[in-house]
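Only a predicted model underlies this, so the values are computations on that prediction, with no experimental measurement involved.
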Amino acid sequence: MAAPGHAAGRRLFVNALYQYGSERSAHAAFGYHLGMTMAHWLCAGMAGLGRTWHLEAQGPGGLPGFTDPAAKLPDLWGNHHMSGMPWLIEAKAARTLGAGVLKNGKIQLDGGSALMLGMRHRQVLCGTSLPGRKDGKWEEEHLFLDVHTAHFPGTGGDTDTSGGGPEGDAEEFVAEDPEALMAVTRQQLMTYQALAFGAVENLRLVPMSRERGSRERHRTGSLTLLEHDEPSVDLRRRLRAEGVHTEEAVTPRADASGFVPARIPGTGIHLGLSRRVYSACAALHRAQSDIPDVPDTRDVVRGPAPRRRDCRPHRPPAHELPLDAAAVDR
(Lines give C-alpha, C1' and ligand atoms only; values in the text may rest on other atoms or scores of the structure.)
Protein backbone atom coordinates (compact mmCIF):
# COMPACT_ATOMS: atom_id res chain seq x y z
CA MET A 1 0.00 0.00 0.00
CA ALA A 2 1.56 3.26 -1.11
CA ALA A 3 1.97 6.03 1.48
CA PRO A 4 0.71 9.61 0.99
CA GLY A 5 2.96 12.02 -0.84
CA HIS A 6 4.15 13.81 2.30
CA ALA A 7 5.08 10.55 4.06
CA ALA A 8 8.27 8.53 3.69
CA GLY A 9 8.47 5.13 2.01
CA ARG A 10 5.42 2.91 2.26
CA ARG A 11 2.73 2.55 4.85
CA LEU A 12 3.24 -0.15 7.46
CA PHE A 13 0.16 -2.02 8.62
CA VAL A 14 -0.62 -5.28 10.40
CA ASN A 15 -2.35 -8.32 8.98
CA ALA A 16 -5.83 -9.63 9.74
CA LEU A 17 -4.49 -12.17 12.25
CA TYR A 18 -3.21 -9.35 14.46
CA GLN A 19 -6.32 -7.22 14.06
CA TYR A 20 -8.98 -9.88 14.58
CA GLY A 21 -7.33 -13.04 15.89
CA SER A 22 -4.87 -11.91 18.58
CA GLU A 23 -5.53 -11.28 22.24
CA ARG A 24 -4.50 -8.20 24.18
CA SER A 25 -1.23 -9.69 25.46
CA ALA A 26 -0.15 -10.45 21.87
CA HIS A 27 -0.90 -6.84 20.91
CA ALA A 28 1.26 -5.65 23.83
CA ALA A 29 4.13 -7.94 22.80
CA PHE A 30 3.91 -6.67 19.22
CA GLY A 31 4.02 -3.07 20.44
CA TYR A 32 7.05 -3.79 22.61
CA HIS A 33 9.04 -5.39 19.80
CA LEU A 34 8.04 -2.71 17.30
CA GLY A 35 9.05 0.05 19.71
CA MET A 36 12.45 -1.56 20.34
CA THR A 37 12.98 -2.11 16.62
CA MET A 38 12.19 1.51 15.77
CA ALA A 39 14.49 2.79 18.53
CA HIS A 40 17.37 0.60 17.34
CA TRP A 41 16.77 1.62 13.72
CA LEU A 42 16.88 5.29 14.65
CA CYS A 43 19.94 5.16 16.92
CA ALA A 44 22.11 2.52 15.23
CA GLY A 45 20.87 2.75 11.65
CA MET A 46 20.40 6.50 11.31
CA ALA A 47 22.38 8.24 14.05
CA GLY A 48 25.67 6.32 13.93
CA LEU A 49 25.40 4.57 17.29
CA GLY A 50 27.34 1.34 17.73
CA ARG A 51 25.67 -1.85 18.80
CA THR A 52 23.27 -1.68 21.74
CA TRP A 53 22.81 -3.75 24.89
CA HIS A 54 20.03 -4.18 27.40
CA LEU A 55 20.80 -2.26 30.56
CA GLU A 56 19.52 -5.13 32.69
CA ALA A 57 22.58 -7.13 31.59
CA GLN A 58 25.18 -4.51 32.56
CA GLY A 59 25.45 -0.75 32.57
CA PRO A 60 27.98 1.45 30.75
CA GLY A 61 31.51 0.70 31.86
CA GLY A 62 30.24 -1.76 34.45
CA LEU A 63 28.71 0.98 36.58
CA PRO A 64 26.76 -0.42 39.55
CA GLY A 65 23.01 -0.16 40.00
CA PHE A 66 21.85 -0.82 36.45
CA THR A 67 21.04 -4.48 37.08
CA ASP A 68 18.56 -3.76 39.89
CA PRO A 69 15.27 -5.30 38.64
CA ALA A 70 13.20 -3.00 40.87
CA ALA A 71 14.74 0.25 39.56
CA LYS A 72 13.00 2.36 36.91
CA LEU A 73 15.67 2.44 34.20
CA PRO A 74 15.80 2.79 30.39
CA ASP A 75 15.89 -0.16 28.01
CA LEU A 76 19.17 0.09 26.11
CA TRP A 77 22.56 1.69 26.02
CA GLY A 78 25.32 1.92 23.45
CA ASN A 79 28.54 3.79 22.65
CA HIS A 80 28.47 6.52 20.03
CA HIS A 81 31.98 6.28 18.61
CA MET A 82 32.00 9.65 16.87
CA SER A 83 30.95 11.62 19.95
CA GLY A 84 32.86 9.36 22.33
CA MET A 85 30.13 8.95 24.92
CA PRO A 86 27.41 6.46 25.86
CA TRP A 87 23.73 6.87 25.01
CA LEU A 88 20.89 5.80 27.27
CA ILE A 89 17.84 4.79 25.22
CA GLU A 90 14.25 4.27 26.26
CA ALA A 91 11.80 2.82 23.74
CA LYS A 92 8.07 3.35 24.12
CA ALA A 93 5.23 2.21 21.88
CA ALA A 94 1.49 2.66 22.31
CA ARG A 95 -1.68 3.28 20.35
CA THR A 96 -2.07 7.03 19.81
CA LEU A 97 1.04 7.75 21.86
CA GLY A 98 0.46 10.48 24.42
CA ALA A 99 2.39 12.67 26.84
CA GLY A 100 1.76 10.30 29.76
CA VAL A 101 3.68 7.43 28.14
CA LEU A 102 6.56 9.73 27.18
CA LYS A 103 6.66 11.17 30.70
CA ASN A 104 7.16 7.68 32.13
CA GLY A 105 9.99 7.14 29.64
CA LYS A 106 11.66 10.35 30.79
CA ILE A 107 11.46 9.18 34.41
CA GLN A 108 13.24 5.96 33.43
CA LEU A 109 15.95 7.88 31.57
CA ASP A 110 16.51 10.18 34.54
CA GLY A 111 16.86 7.08 36.72
CA GLY A 112 19.64 5.89 34.45
CA SER A 113 21.34 9.28 34.39
CA ALA A 114 21.40 9.31 38.20
CA LEU A 115 23.60 6.20 38.07
CA MET A 116 26.12 7.61 35.57
CA LEU A 117 28.29 9.14 38.36
CA GLY A 118 28.75 12.46 36.61
CA MET A 119 29.73 10.97 33.23
CA ARG A 120 28.77 12.87 30.14
CA HIS A 121 26.15 11.02 28.15
CA ARG A 122 23.04 11.46 26.04
CA GLN A 123 19.44 10.52 26.73
CA VAL A 124 17.30 9.37 23.81
CA LEU A 125 13.56 8.81 24.20
CA CYS A 126 11.96 7.07 21.20
CA GLY A 127 8.17 6.91 21.20
CA THR A 128 6.42 4.91 18.47
CA SER A 129 2.75 5.73 17.97
CA LEU A 130 0.61 2.91 16.60
CA PRO A 131 -2.80 3.47 14.99
CA GLY A 132 -5.91 3.08 17.13
CA ARG A 133 -7.83 -0.08 17.91
CA LYS A 134 -10.86 0.50 15.69
CA ASP A 135 -11.23 -1.22 12.32
CA GLY A 136 -9.51 0.54 9.46
CA LYS A 137 -7.20 2.64 11.62
CA TRP A 138 -4.06 0.95 10.33
CA GLU A 139 -5.06 1.91 6.78
CA GLU A 140 -6.06 5.48 7.71
CA GLU A 141 -3.57 6.65 10.33
CA HIS A 142 0.21 7.00 10.23
CA LEU A 143 2.77 5.05 12.20
CA PHE A 144 5.18 7.71 13.43
CA LEU A 145 8.19 8.05 15.72
CA ASP A 146 8.50 10.81 18.32
CA VAL A 147 12.09 11.49 19.44
CA HIS A 148 13.34 13.49 22.42
CA THR A 149 17.04 13.80 23.19
CA ALA A 150 19.07 15.56 25.88
CA HIS A 151 22.82 15.94 26.33
CA PHE A 152 24.38 15.74 29.81
CA PRO A 153 27.88 17.31 29.78
CA GLY A 154 28.87 15.60 33.02
CA THR A 155 30.27 16.89 36.27
CA GLY A 156 33.10 14.45 36.94
CA GLY A 157 35.74 12.47 35.18
CA ASP A 158 34.62 10.23 32.36
CA THR A 159 34.49 6.49 32.93
CA ASP A 160 35.91 4.46 30.08
CA THR A 161 33.09 2.70 28.25
CA SER A 162 35.01 2.05 25.05
CA GLY A 163 35.04 -1.64 25.86
CA GLY A 164 31.40 -1.84 24.87
CA GLY A 165 28.86 -4.01 26.61
CA PRO A 166 29.21 -7.11 28.73
CA GLU A 167 31.53 -8.68 26.18
CA GLY A 168 32.77 -5.55 24.45
CA ASP A 169 32.40 -4.33 20.89
CA ALA A 170 33.89 -7.63 19.84
CA GLU A 171 32.49 -7.83 16.31
CA GLU A 172 35.02 -5.27 15.09
CA PHE A 173 37.99 -7.46 16.10
CA VAL A 174 36.99 -11.02 15.16
CA ALA A 175 39.50 -11.17 12.31
CA GLU A 176 42.55 -10.94 14.58
CA ASP A 177 41.39 -11.67 18.13
CA PRO A 178 40.32 -15.25 19.04
CA GLU A 179 38.72 -14.05 22.29
CA ALA A 180 36.61 -11.55 20.37
CA LEU A 181 35.64 -14.30 17.92
CA MET A 182 34.49 -16.51 20.80
CA ALA A 183 32.47 -13.66 22.31
CA VAL A 184 30.70 -13.00 19.01
CA THR A 185 30.18 -16.73 18.46
CA ARG A 186 28.30 -17.00 21.73
CA GLN A 187 26.20 -13.95 20.86
CA GLN A 188 25.34 -15.16 17.36
CA LEU A 189 24.74 -18.85 18.07
CA MET A 190 20.95 -18.53 17.75
CA THR A 191 21.37 -16.76 14.40
CA TYR A 192 23.53 -19.65 13.21
CA GLN A 193 20.95 -22.19 14.37
CA ALA A 194 18.25 -20.31 12.46
CA LEU A 195 20.39 -20.45 9.30
CA ALA A 196 21.53 -24.06 9.73
CA PHE A 197 18.28 -25.61 10.94
CA GLY A 198 15.48 -23.09 10.41
CA ALA A 199 12.97 -22.62 7.61
CA VAL A 200 15.17 -20.49 5.36
CA GLU A 201 15.69 -20.41 1.60
CA ASN A 202 18.66 -19.95 -0.71
CA LEU A 203 21.44 -20.42 1.84
CA ARG A 204 24.61 -19.50 -0.03
CA LEU A 205 28.07 -17.97 0.22
CA VAL A 206 28.40 -14.38 -1.00
CA PRO A 207 31.91 -12.99 -1.66
CA MET A 208 32.65 -9.58 -0.20
CA SER A 209 35.69 -7.33 -0.23
CA ARG A 210 37.93 -7.28 2.82
CA GLU A 211 38.34 -3.52 2.35
CA ARG A 212 34.85 -2.86 3.65
CA GLY A 213 36.13 -3.09 7.22
CA SER A 214 38.38 -0.06 6.71
CA ARG A 215 35.50 2.33 6.05
CA GLU A 216 34.96 5.00 8.66
CA ARG A 217 31.72 4.97 10.59
CA HIS A 218 29.44 7.77 9.42
CA ARG A 219 28.01 10.21 11.92
CA THR A 220 24.54 9.83 10.39
CA GLY A 221 24.53 6.06 10.20
CA SER A 222 26.62 2.92 10.62
CA LEU A 223 25.10 0.99 7.71
CA THR A 224 26.23 0.88 4.08
CA LEU A 225 24.01 -0.56 1.38
CA LEU A 226 25.67 -3.47 -0.37
CA GLU A 227 25.19 -1.92 -3.80
CA HIS A 228 27.00 1.19 -2.53
CA ASP A 229 30.06 -0.76 -1.34
CA GLU A 230 32.32 -0.18 -4.34
CA PRO A 231 35.11 -2.61 -3.28
CA SER A 232 32.60 -5.50 -3.10
CA VAL A 233 30.97 -4.52 -6.39
CA ASP A 234 34.38 -4.46 -8.08
CA LEU A 235 35.39 -7.79 -6.51
CA ARG A 236 32.29 -9.57 -7.79
CA ARG A 237 32.78 -8.20 -11.27
CA ARG A 238 36.30 -9.63 -11.29
CA LEU A 239 35.13 -13.00 -9.96
CA ARG A 240 32.50 -13.28 -12.67
CA ALA A 241 35.03 -12.28 -15.32
CA GLU A 242 37.43 -14.96 -14.05
CA GLY A 243 34.69 -17.58 -14.02
CA VAL A 244 35.03 -18.33 -10.29
CA HIS A 245 32.17 -20.56 -9.14
CA THR A 246 33.47 -22.35 -6.04
CA GLU A 247 34.26 -21.30 -2.50
CA GLU A 248 37.66 -22.99 -2.65
CA ALA A 249 38.72 -20.50 -5.33
CA VAL A 250 37.73 -17.53 -3.18
CA THR A 251 39.29 -18.56 0.16
CA PRO A 252 42.98 -18.10 -0.83
CA ARG A 253 42.36 -14.58 -2.17
CA ALA A 254 43.72 -11.78 -0.01
CA ASP A 255 41.09 -9.33 -1.24
CA ALA A 256 37.98 -11.47 -0.58
CA SER A 257 36.00 -12.73 2.37
CA GLY A 258 32.73 -14.63 2.58
CA PHE A 259 29.26 -13.92 3.96
CA VAL A 260 26.62 -16.63 4.51
CA PRO A 261 23.07 -15.26 4.05
CA ALA A 262 19.67 -16.87 3.56
CA ARG A 263 16.18 -15.61 2.82
CA ILE A 264 13.45 -15.86 5.45
CA PRO A 265 10.35 -17.00 3.53
CA GLY A 266 7.43 -14.63 3.31
CA THR A 267 9.25 -11.60 4.73
CA GLY A 268 11.70 -10.37 2.11
CA ILE A 269 14.37 -10.33 4.84
CA HIS A 270 17.83 -11.84 4.41
CA LEU A 271 19.67 -13.01 7.53
CA GLY A 272 23.35 -13.86 7.54
CA LEU A 273 26.73 -14.20 9.24
CA SER A 274 30.29 -13.82 8.07
CA ARG A 275 31.84 -17.10 6.95
CA ARG A 276 34.30 -16.97 9.85
CA VAL A 277 31.57 -16.50 12.48
CA TYR A 278 29.31 -19.07 10.77
CA SER A 279 32.06 -21.70 10.91
CA ALA A 280 32.90 -20.82 14.52
CA CYS A 281 29.23 -21.12 15.49
CA ALA A 282 29.05 -24.50 13.76
CA ALA A 283 32.05 -25.72 15.77
CA LEU A 284 30.58 -24.42 19.04
CA HIS A 285 27.23 -26.05 18.26
CA ARG A 286 28.93 -29.39 17.61
CA ALA A 287 30.92 -29.08 20.84
CA GLN A 288 27.77 -28.35 22.84
CA SER A 289 25.97 -31.27 21.20
CA ASP A 290 28.78 -33.60 22.26
CA ILE A 291 28.57 -32.60 25.93
CA PRO A 292 27.15 -35.60 27.82
CA ASP A 293 23.91 -35.12 29.70
CA VAL A 294 24.17 -35.18 33.49
CA PRO A 295 22.89 -38.59 34.63
CA ASP A 296 20.05 -38.83 37.10
CA THR A 297 21.60 -40.07 40.34
CA ARG A 298 18.29 -41.69 41.23
CA ASP A 299 18.65 -44.19 38.40
CA VAL A 300 19.43 -47.71 39.51
CA VAL A 301 21.23 -48.65 36.31
CA ARG A 302 24.74 -47.21 36.18
CA GLY A 303 26.54 -46.59 32.97
CA PRO A 304 27.99 -43.89 30.71
CA ALA A 305 25.84 -40.78 30.34
CA PRO A 306 24.00 -40.59 27.02
CA ARG A 307 25.06 -37.94 24.58
CA ARG A 308 22.73 -35.44 23.04
CA ARG A 309 21.64 -36.35 19.57
CA ASP A 310 20.76 -33.56 17.18
CA CYS A 311 18.01 -34.92 14.93
CA ARG A 312 17.42 -31.69 13.04
CA PRO A 313 18.35 -31.64 9.35
CA HIS A 314 21.76 -30.02 9.06
CA ARG A 315 22.66 -27.84 6.09
CA PRO A 316 26.10 -27.93 4.47
CA PRO A 317 29.05 -26.21 6.17
CA ALA A 318 30.18 -22.84 4.84
CA HIS A 319 32.84 -24.29 2.52
CA GLU A 320 30.22 -26.43 0.73
CA LEU A 321 27.65 -23.68 0.10
CA PRO A 322 26.99 -22.50 -3.46
CA LEU A 323 28.92 -19.35 -4.39
CA ASP A 324 26.82 -16.36 -5.40
CA ALA A 325 29.00 -13.68 -6.97
CA ALA A 326 26.13 -11.90 -8.69
CA ALA A 327 24.02 -11.11 -5.61
CA VAL A 328 24.88 -7.42 -5.72
CA ASP A 329 23.23 -7.03 -9.12
CA ARG A 330 19.81 -8.22 -7.97
- Message: A side-chain contact here means heavy atoms from C-beta on lying under 4.5 Å apart; do L55 and P60 qualify?
- Response: yes

- Message: Minimum heavy-atom separation for V206 and P261, please, with both atom names.
- Response: CG2-CG, 3.6 Å

- Cluster check L130, V147: I/L/V/M/F/W/Y, side chain < 4.5 angstrom: yes

- Query: Do the side-chain N and O atoms of D110 and Q123 include a donor-acceptor pair separated by under 3.5 angstrom?
  - Reply: yes

- Message: Could you work out, with salt bridge (charged side-chain N to carboxylate O under 4.0 Å, His left out) as the rule, every residue matching E242, not counting sequence neighbours?
- Response: R253

- Item | Co-membership, hydrophobic cluster, residues Y32 and F30, 4.5 Å side-chain | yes

- Which heavy atom in A94 sits nearest to a heavy atom in V101, and how many Å separate them? CB-CG2, 4.3 Å

- Message: Does any part of the side chain of V124, heavy atoms only, come nearer than 4.5 Å to the side chain of P74, both counted from C-beta?
- Response: no

- Ignoring hydrogens and angles, tell me if any N or O in the side chain of R236 forms a donor-acceptor pair with the backbone of P207 under 3.5 Å. yes

- So how far is it from T52 OG1 to N79 CG, rounded to the nearest 0.5 Å? 11.0 Å

- Item | Side chain proximity check, D75 to E90, heavy atoms < 4.5 angstrom | yes

- Task: Could you check if a side-chain atom of V277 sits within less than 4.5 angstrom of a side-chain atom of T191, using non-hydrogen atoms only?
- Result: no

- Message: Can you tell me how far apart CE (M116) and CE (M85) are? Round to the nearest 0.5 Å.
- Response: 10.0 Å

- What is the minimum heavy-atom distance between F66 and G112, and which atoms define it? CZ-O, 3.5 Å

- Task: Spell out, yes or no, whether I107 and L73 are grouped together once hydrophobic residues are joined by side-chain heavy atoms under 4.5 Å, including indirect joins.
- Result: no

- Is there a side-chain contact between W87 and H151, using heavy atoms and a 4.5 Å cut-off? no

- Minimum side-chain heavy-atom gap H54-M36 below 4.5 Å: yes

- Item | Heavy-atom pair of closest approach, residues P86 and W77 | CB-CE3, 4.2 Å

- Task: May I ask whether F144 and L42 are part of the same hydrophobic cluster, defined by side-chain heavy atoms of I, L, V, M, F, W, Y residues being less than 4.5 angstrom apart, directly or through others?
- Result: no

- Are F197 and H285 close enough that their ring centers fall under 6.0 Å? yes

- Message: If we ignore hydrogens and angles and just use 3.5 Å, is the side chain of R276 paired with the main-chain N or O of S274 as donor and acceptor?
- Response: no

- According to the interplanar angle, ranging from 0 to 90°, do the rings of F152 and H121 count as parallel (below 30°), tilted (30 to 60°) or perpendicular (above 60°)? parallel

- Item | Separation of I89 CD1 from W53 CH2 (nearest 0.5 Å) | 10.5 Å

- Item | Closest approach of T128 to G35 (non-hydrogen atoms, all atoms of both residues) | OG1-CA, 4.0 Å

- Note on the structure: Smallest heavy-atom separation, T37 atom then H33 atom, equals OG1-O, 2.7 Å

- Close side-chain approach of L88 to L109, heavy-atom, < 4.5 Å: yes

- Query: Would you say M38 and C126 make side-chain contact, with heavy atoms under 4.5 Å?
  - Reply: no

- Note on the structure: Output for pair (S129 OG, R95 CZ), nearest 0.5 Å, gives 11.0 Å

- Message: Quick check for you: to the nearest 0.5 Å, what is the distance between S232 atom OG and R237 atom CZ?
- Response: 11.5 Å

- Query: Can you tell me how far CG of L76 sits from CD of E56, rounded to the nearest 0.5 angstrom?
  - Reply: 9.5 Å

